Protein chains: 2
Amino acid sequence: MTGKNKHNQCPMESILGQIMGPWTPYILWLLDNEKTLRFGEIATRMPDISAKVLTDRLRKLEASGLINRDYQPTVPPTVNYSLTERGRELHGVLQGLNDVATRWDEEDRQKEGDAEIAAG
Amino acid sequence: MTGKNKHNQCPMESILGQIMGPWTPYILWLLDNEKTLRFGEIATRMPDISAKVLTDRLRKLEASGLINRDYQPTVPPTVNYSLTERGRELHGVLQGLNDVATRWDEEDRQKEGDAEIAAG
DNA sequence: GCAAGTAGTTACCTTATGGTAAGTAATGAG
DNA sequence: CTCATTACTTACCATAAGGTAACTACTTGC
């Protein structure tokens, strides 16, 4: 997987093993923005992830102490996910990541547009 | 894999596909700190990564336009890696990540220490 | 008694990923 | 003539990761 070693010498390795990996930062970003989301709501916002993998990521984030899982034994059941206090400490990083992503995306679209105009 | 989709609707997906993945953020962090590093110097700082995988990561970062590869055809050859301008824009994110990582690491060590004292 | 709805779990199979070891190029040293 | 050096590349193999489909539980409504 994305990270199996815990923390040898460098603290950064540890955090990377927890929050990195295919869909993980995006899940954190969703929960950072929307406070609380049900399993199905996360799945809707990430159409390309399978239930199996989403469950896996949520379980790992829970094990890392970054998200809370609140199971309500209603019928049908309701499970709410939210960031823990530690998870919320990632806000600045996630925000910064999104800012850069948005900026690059705009720049790239701009360049694509220019290229199309130049090509006639 | 870590990222195959380019950018469907959300710009964050794109950046995650580029900088996420097992060792990638750590490589960027090294280059952000040390300006320029040779292949072997990066390898020394990351003892657990194999040459094959390190090469793969460097090639992908180069393809994403985040790092420069400067091949000097000396004997034996010298290859210097450094961040591009775009790569340097990740400074804030990498710094923030490292800050959180360091803080959590200290907190966890503190807790471990407390537990040991409590256990006698 | 059967379908619907939520949040999964499980089994099975395919693909992706990563490790190891060996090979390559070019040249100066011994 | 062979070794050492750097930065890889290649082939081969083992493991990990992920997709799909089917199945679970529980109760309301038809």
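Values below: every heavy atom of this structure, side chains too, minus hydrogens, waters and symmetry copies. Just so it is clear, the model here is predicted, and its values are computed rather than measured.
Taking both residues in full, the closest heavy atoms of A:S82 and A:T36 are given as CB-OG1, 4.0 Å, listed atom of the first, atom of the second, then distance. Residues B:L97 and A:V93 come closest through the heavy atom pair N-CG2, 3.6 Å.
Counting to the nearest Å, the C1' atom of D:dC8 and the CG atom of B:D70 are 16 Å from each other. Summarising the geometry, the separation between CG on A:L54 and C1' on D:dG19 is reported as 14 Å, rounded to the nearest angstrom. Between the C1' atom of C:dT6 and the CG atom of A:L37 lies a distance of 15 Å, rounded to the nearest Å. The interatomic distance linking A:N80 (CG) with C:dT6 (P) rounds to 13 Å, in whole Å. Remark: C1' of D:dG19 and CD1 of A:I49 are 12 Å apart, rounded to the nearest angstrom.
Sorted by first and then second residue, the pairs that involve residues 94-103 of chain B and meet side chain to side chain donor-acceptor pair (under 3.5 Å), not counting sequence neighbours, are A:E89-B:R103.
Remark: B:S50 is in phosphate contact with C:dG19, judged by side-chain N or O atoms under 4.0 Å from OP1 or OP2. Side-chain N/O atoms of A:Y81 include none lying less than 4.0 angstrom from OP1 or OP2 on C:dT6. Residue B:R57 places at least one side-chain N or O closer than 4.0 Å to OP1 or OP2 of C:dG18. B:Y71 has no side-chain polar atom (N or O) that falls below the 4.0 Å cut-off from OP1 or OP2 of C:dA25.
Rounding to the nearest 0.5 Å places CH2 of A:W104 at 10.5 Å from NZ of A:K111.
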Please list each protein N or O that sits under 3.5 Å from an N or O in nucleotides 2-6 of chain D, with the distance.
{"unit_1": "D:dT6", "atom_1": "O3'", "unit_2": "B:R38", "atom_2": "NH2", "d": "3.0"}
{"unit_1": "D:dT6", "atom_1": "O3'", "unit_2": "B:P77", "atom_2": "O", "d": "3.0"}

Quick test: give all pairs of protein nitrogen or oxygen and nucleotides 9-14 of chain C nitrogen or oxygen below 3.5 Å, distance rounded to 0.1 Å.
{"unit_1": "C:dT9", "atom_1": "OP1", "unit_2": "A:R59", "atom_2": "NH2", "d": "3.3"}

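Shown here are the side chain to side chain donor-acceptor pair (under 3.5 Å) partners of A:E107, two or more places apart in sequence or in another chain: B:R86. Evaluation of the side chain to side chain contact (heavy atoms under 4.5 Å, CB included) rule for A:R88 yields A:L83, A:E85 as partners, not counting sequence neighbours. Scored by the side chain to side chain contact (heavy atoms under 4.5 Å, CB included) test, A:T78 finds A:R38, A:Q72, A:T74, A:N80 as partners (sequence neighbours excluded).
A salt bridge between A:K52 and A:D56 is absent, with no side-chain N of the basic residue lying under 4.0 Å from a carboxylate O of the acidic one.
Taking 4.5 Å as the limit, some side-chain heavy atom of B:L58 sits within range of a side-chain heavy atom of B:F39.
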